[in-house]
Structure formats: structure tokens, C-alpha cells
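In each ligand, atom 1 is the first atom listed, and ligand 1 is the first ligand listed.
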Amino acid sequence: MLRPSLQWIFDVTLLTRVAATANKCCIDSLPIPTLFGGSILSIDAVQVDNSTAPSSSIDFCNVSIDYTHPGQNDRIHISLWLPNTWNGRFQGVGGGGWITNATVEDMISAVSQGYAAVTTDGGHTATTNTSSWAMLSPGNINMYLLQDFASVSLNDMTVIGKQLTEAYYGRPILRSYWNGCSTGGRQGLMMAQRYPDAYDGILAISPAINWAKFIVAEFWPQRVMHEMGYFPSQCEFSAITAAAVEACDELDGLRDGVIEMIGLCDFDPRSAVGKAYTCGDATGNVTQEAADVVHSIWAGARGADGRFQWYGFPPGAPLNALANTTCSSNGTCTGVPFAISKDWHQLFLRKDPSFDPYTMTQAQWDAAFHSSVNQYTSIISTSDPDLTQFKKAGGKMITWHGMADELIFYNGTVDYYEHVLEMDPGARDYYRFYAAPGVGHCHGGVGAVPTDPLAQLVRWVEEGEVPTTLDANRTVEGKRWKQALCVYPSSSRYVSGDPALASSFRCL
Ligand SMILES: *[C@@H]1O[C@H](CO)[C@@H](O)[C@H](O)[C@H]1NC(C)=O
Ligand SMILES: *[C@@H]1O[C@H](CO)[C@@H](O)[C@H](O)[C@H]1NC(C)=O
Ligand SMILES: *[C@@H]1O[C@H](CO)[C@@H](O)[C@H](O)[C@H]1NC(C)=O
Ligand SMILES: *[C@@H]1O[C@H](CO)[C@@H](O)[C@H](O)[C@H]1NC(C)=O
Ligand SMILES: *[C@@H]1O[C@H](CO)[C@@H](O)[C@H](O)[C@H]1NC(C)=O
Ligand SMILES: *[C@@H]1O[C@H](CO)[C@@H](O)[C@H](O)[C@H]1NC(C)=O
Ligand SMILES: *[C@@H]1O[C@H](CO)[C@@H](O)[C@H](O)[C@H]1NC(C)=O
Ligand SMILES: *[C@@H]1O[C@H](CO)[C@@H](O)[C@H](O)[C@H]1NC(C)=O
Ligand SMILES: *[C@@H]1O[C@H](CO)[C@@H](O)[C@H](O)[C@H]1NC(C)=O
């Protein structure tokens, strides 16, 4: 990997700024990229200025590349946005859910900071009908498209994107970064694990790692409610979550509406039985059934003999996504399964789009869990803790994960990081994981959200400035609180002073 000196970086950055105006955004001035195992179908380049761009503050060369893997019958679309004013860096931008590629907003964000930004659709378009790309026919998964989504297309877009970026600017790329959350976080970890030379810095937020296990387990909350024969309203769930926060908030020394010490929180949902709740017209008292449901959801997926399968939610995380319910005016509620988990059970495990996952017996559930791990771990779990090659390539990686993540069980990332540390106790030198108490999936929640983790990653890669803590902030009663997220396993405790200042806390 090319590692120019800082002096050289500075010079080249100046040069590329000057050279930028001389670039021609047209296919004649770009080479046809080469990709081992791939064949280019079309390439197109159109200048987008601030009158036609999706954001008035950017102008860039919009390069589109379509290619196929001969014999696999796929057609993959890559978008490469090359800004007029380039900062010398390349950014691979990740997707979300079943969508391989980035949102337009994420691309704008990268380009407006001067990055050459690339993303790929992985060979399938965004659709709510997953079977339209995942299945060739009932009983038959499109394994090539699954593989494109899981790994292959991510490296392809990097190889192709880097060639075209360097040709366009006539200069080598100085540093390359991955930036993604959720599926994008999993993709970042896939790059570190399988394509360790591709990126100098990887920001892998709230990653959808351990896929073959956790996507199965995401149906567990619906299964629990179905087995119990009781679907609580979201208002009833919120009452229990609020009681948990009330009970465990102060374990870190400060009452601030956030549970930081989830491991020390032994709140039992059954202690909330009888508690009155109100949401608009809906009023009621927490039932024994709802408390039992929450108890099982927090415990996580379990086998017939009570054997651990996967983590549940820490107390305080909202239950509105995986234990979603909808209630009719007479007060009867039904479950609303999370689509990705339902797809996984129907399409990838049962291979039958008409299968109803609520109907599984415990024995069938256990078989499905095992089958998922057995068939798909090497394809998409992205749980390989051996980062030796990434470390050798000089890479740096940052992960943060919200403890109140409502979609991806926070403890799955703890599990992965523990395995990384087991393989290499010195892994913090190149891979740091920060827990974000009270933060939801990728953003949101009442806790402090990381402010600019990509900038901290860039400083770590380029200037050797180790991110001892991750800068974060939150708004409490209209006031901005600055906080510092701690590297796992240490966590932030309130010591004394103004809680709006990061210096009032210590990582212990
Ligand atoms: C677009 O760019 C031109 C040239 O840089 C500038 O004069 C103009 O103000 C920009 N328009 C907007 C809406 O930003
Ligand atoms: C970039 O080009 C592609 C292909 O021509 C087009 O579909 C897309 O809308 C363009 N994007 C922007 C932001 O102009
Ligand atoms: C993502 O892929 C879809 C489907 O191919 C496409 O419509 C969309 O323009 C792509 N987004 C970007 C930012 O390239
Ligand atoms: C989803 O796609 C499959 C395969 O293309 C098709 O058979 C099915 O009718 C579609 N379902 C819906 C609800 O559109
Ligand atoms: C989840 O992770 C936290 C560390 O942040 C730990 O204290 C807790 O015990 C874990 N929970 C489970 C169920 O493993
Ligand atoms: C619900 O709880 C309230 C307050 O504790 C109590 O006054 C009321 O009687 C309870 N309602 C029912 C239906 O149990
Ligand atoms: C819960 O289900 C309702 C009804 O289908 C839907 O409108 C809502 O968006 C879902 N909520 C979440 C967080 O998925
Ligand atoms: C309540 O309404 C739903 C949908 O309208 C209906 O299916 C259900 O039978 C009703 N339940 C009772 C107890 O009336
Ligand atoms: C954190 O600070 C940034 C500015 O640095 C601001 O844009 C953002 O809204 C703040 N976030 C919260 C949750 O207060």
C-alpha cells in the first residue's frame, strides 16, 4: 500500500486542487477499468454542477460503471462521484438493510468533504420484494447475488473506483476509507476480514455482523409474543422500558435518562406489573403477560433446552422495531415482523416465500437456527475475529454501537470484539470499539451520539493521533452536552462537576 510522507500529502493535495479544473469529465478521458473475474458492460461520465446536483453545494464528475461476472448472469452498477475539489482521499460508502449501496445523502456528505466516493448496488435494486432478487425459483437461492451483496461487489467497486479516481486526477490516491453503518458496518468489517489491503481506515458503525445468527434471532421477539398468545401495545412496552431506565439510570453516578451500566442492571420487568400507562387514548396497566414477554425478549433467542442461541436487548433499548405490534381500536394487537428477519426465515432458510415463520415449533426453530449458521456463516456472517492481515497492512478501524440499538443487538458487537481481543490482546492498537449508551441504531436515542468519528479515524491513520475516546454530544433540555465515549470494556462514570462537560466523567 502506498504510504507517502505527510509533506508529500500536502504538496499533492495542492497539486490536485490546481489540476482539478483541467479534468475532463467524459468517457474518452477515462480508461476502461480492469477487474479480475469481471467484465465491463458500460461506462458513462457526466459532469454534475451545483445547478443539477442533488445538493447545491457540490459539483462532481458522476461516473457510472456497469459490469458482470462472466457466467454468473449478474449486472452490477457502480456509482463513482469525483469532486471538482479533491482532498486526495477515496471513500467506499456502505449501504443499509438489504440495500448494498449508499443513500444519496451519504454520497453528498462524502463528496462535499472532498472525498472521491464510490458505492455499488451489488447487482440488485432496492425493493421491498426481496424474493425478486434473492430467489431464482422456489427452493433455489440466487447464491451469486447473495455473494455479491455480502462481499464480492464491495471489493470490485474498490478496485474499479480506485483505478478511475487515479486516472481522472492523474495522481495516486493518498488514503482510502470505508464509511458505513448497519449493513454498511458489516461491509466495513468484511473489507477488514477478507480484503485487508483495500482500505487504510474503516469506520464500521452498528455493524450487522454475526448475520447468520442475529438475523434469525431478530424474529425471536415476535415468536415470544406469538407463543405467549399476547401482543402488548407499544405503549405497554414503553412503560416497562421507562421503568427499567428509572431503576438503572443512576448506576453510573448520574441521573440523566440513560442506562450506561447495562451489565449491572438487574431490573426485573415483572416488578413493573400493575404500573399504569397512558398514550393518548390508550390507557392500561402493565400486565403479567407483557412483563413475561419482555423478560424473554431481553434474554434473547433460546433453544429447546434453554440453551443460548443469541443475545437479546439490553434494558432500555426500544422494543418498537423487532417487537413491533399494531393495535386496532378495540385494543387487540397483532405482531408486525421486521422484514429482513422475516425474509431470511422465508427465503434463505425455508426457501419458500409463502412460509409463515410464526408457525415454527421449538424443534423447527432450533433446526432453522442451526441451518442458518451451517449454510451461511462463511458467506455473510462477517464474524472472523482474525484481523492479522488487516493489521499487517497497517489498517485502522473504529466501531461504535448504541446500547439502545433497536435493530441490531448491541451485545453481538461486544461478542465479536471480545473474540478479536482473545486472538490479539493488542488489537486496540488498530481496532477500537466504543459503546454509546442510550444511542439507537446508527443515530438517535437520548444518549450522546459520536460527532465526527470519520475525522477521528482520519487523524489516527494520517497523523497517528490515537482516538483515546470518541467525541460525542447530546442535547439535554436544550443544552448541548459534550461527552467522551470510552474504549470497550471501560465505560464512562460521572465523577463531579457540570454534566455538560466531558471532563466531569472518567472512563473506568
Ligand atoms: C454555483 O457555483 C457557481 C460557480 O462556483 C457559483 O457562482 C454559484 O453561486 C453557485 N450556486 C449555488 C446555488 O451555490
Ligand atoms: C449519475 O449518472 C447516472 C447514470 O447516468 C444517473 O442515473 C444518476 O441519476 C446520476 N446522478 C446524479 C446525481 O446526477
Ligand atoms: C443505488 O442503487 C439503486 C439501484 O441500482 C440506484 O437506483 C441508485 O441510484 C443507487 N444510488 C446511488 C447513490 O448510486
Ligand atoms: C416478488 O417477486 C417474485 C419473483 O420475481 C414474484 O414472483 C412475486 O409475485 C413478487 N411478489 C410481490 C408481492 O410483488
Ligand atoms: C452486554 O455487554 C455489556 C458490556 O457493555 C455487558 O456488561 C453485559 O453483561 C452484556 N450482556 C450480556 C447478556 O452478555
Ligand atoms: C391501574 O393502576 C392504577 C394506578 O396504580 C390503579 O388506580 C387502577 O385501579 C389500575 N387499574 C386496573 C384496571 O388495574
Ligand atoms: C411498526 O408497525 C407499524 C404498522 O405496520 C408501522 O407503521 C411502523 O413503521 C412500524 N414501526 C417500526 C419502528 O418499524
Ligand atoms: C378487534 O378488531 C380486530 C380487527 O378489527 C378483529 O379481528 C378482532 O376480532 C376484534 N377483537 C375483539 C375482541 O373484538
Ligand atoms: C452535536 O453537535 C453538532 C455540532 O457539532 C450538532 O450539529 C448536533 O446537532 C449535536 N447533536 C446533538 C444530539 O446535540
Side-chain angles (χ1 to χ4, degrees), residues 105 109 113 206 209-210 213-214 217 220 229-231 233 244 248 251-252 256-268 282 294-302 306-317 325-336 399-405 408-421 432-440 442-456 470-493 499-502 507-508:
E105 290 70 29
S109 165
Q113 294 172 65
S206 315
I209 48 173
N210 309 294
K213 292 181 179 177
F214 101 85
W220 179 255
Y230 183 71
F231 289 85
S233 68
C248 296
L251 291 171
D252 68 324
D256 62 347
V258 171
I259 304 178
E260 284 82 3
M261 317 300 292
I262 53 171
L264 298 180
C265 178
D266 57 5
F267 174 78
D268 185 339
V294 172
H295 183 80
S296 294
I297 292 174
W298 283 357
R302 289 290 183 278
R307 192 170 28 91
F308 173 86
Q309 287 171 329
W310 199 243
Y311 302 92
F313 288 116
T325 51
T326 179
C327 306
S328 63
S329 50
N330 64 17
T332 308
C333 305
T334 51
V336 183
T399 288
W400 69 261
H401 200 137
M403 283 182 175
D405 190 320
I408 299 181
F409 308 104
Y410 157 81
N411 279 87
T413 294
V414 173
D415 183 287
Y416 175 70
Y417 197 65
E418 287 282 2
H419 282 100
V420 170
L421 292 177
R432 295 188 159 231
F433 163 49
Y434 310 79
V439 176
C442 297
H443 47 71
V446 291
V449 180
T451 323
D452 195 351
L454 180 62
Q456 286 191 270
L470 213 55
D471 298 336
N473 64 1
R474 58 188 290 211
T475 303
V476 181
E477 288 163 0
K479 192 173 178 199
R480 175 88 31 94
W481 284 23
K482 289 195 170 176
Q483 302 210 321
L485 303 183
C486 308
V487 179
Y488 179 88
S490 71
S491 59
S492 171
R493 316 282 168 90
L501 302 175
C507 289
L508 297 169

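A donor-acceptor contact shorter than 3.5 Å links the side chain of Q113 to the backbone of S109. Remark: side-chain polar atoms of Q456 are not paired, donor with acceptor, to backbone N or O of L470 under 3.5 angstrom. Side-chain N or O atoms of W220 include none that pairs as donor or acceptor with a backbone N or O of Y311 at under 3.5 Å.
Taking the six-membered ring wherever Trp is involved, the centroid distance between the rings of Y434 and Y488 does not fall below 6.0 Å. Residues F433 and Y417 bring their aromatic ring centres within 6.0 Å.
Nearest protein neighbour of atom 5 (O) of ligand 9, counting heavy atoms only, is T451 CG2, 3.9 Å. Nearest to atom 9 (O) of ligand 5 among the protein's heavy atoms is G263 CA, 3.9 Å. Protein heavy atom at the shortest distance from atom 4 (C) of ligand 9 is R480 NH1, 3.8 Å. Protein heavy atom nearest atom 2 (O) of ligand 8, with residue, atom name and distance: N330 ND2, 2.4 Å. Atom 13 (C) of ligand 5 has as its closest protein heavy atom Y311 CD2, 4.2 Å. Closest to atom 11 (N) of ligand 5 among all protein heavy atoms lies N411 ND2, 2.9 Å.
Residue T475 has at least one N or O atom closer than 3.5 Å to an N or O atom of ligand 9.
Every atom of ligand 9 is numbered from 1 in the order shown, and the set under 4.0 Å from a heavy atom of N473 is 1 (C), 2 (O), 3 (C), 10 (C), 11 (N), 12 (C), 13 (C). Every atom of ligand 5 with a heavy atom of Y410 under 4.0 Å away is listed here by number and element: 2 (O), 4 (C), 5 (O).
A heavy-atom distance below 4.5 Å is found between the side chains of I262 and N411. By the 4.5 Å heavy-atom criterion applied to side chains, I259 and P315 are counted as neighbours.
At a distance under 4.0 Å, no protein heavy atom can be found next to atom 7 (O) of ligand 9.
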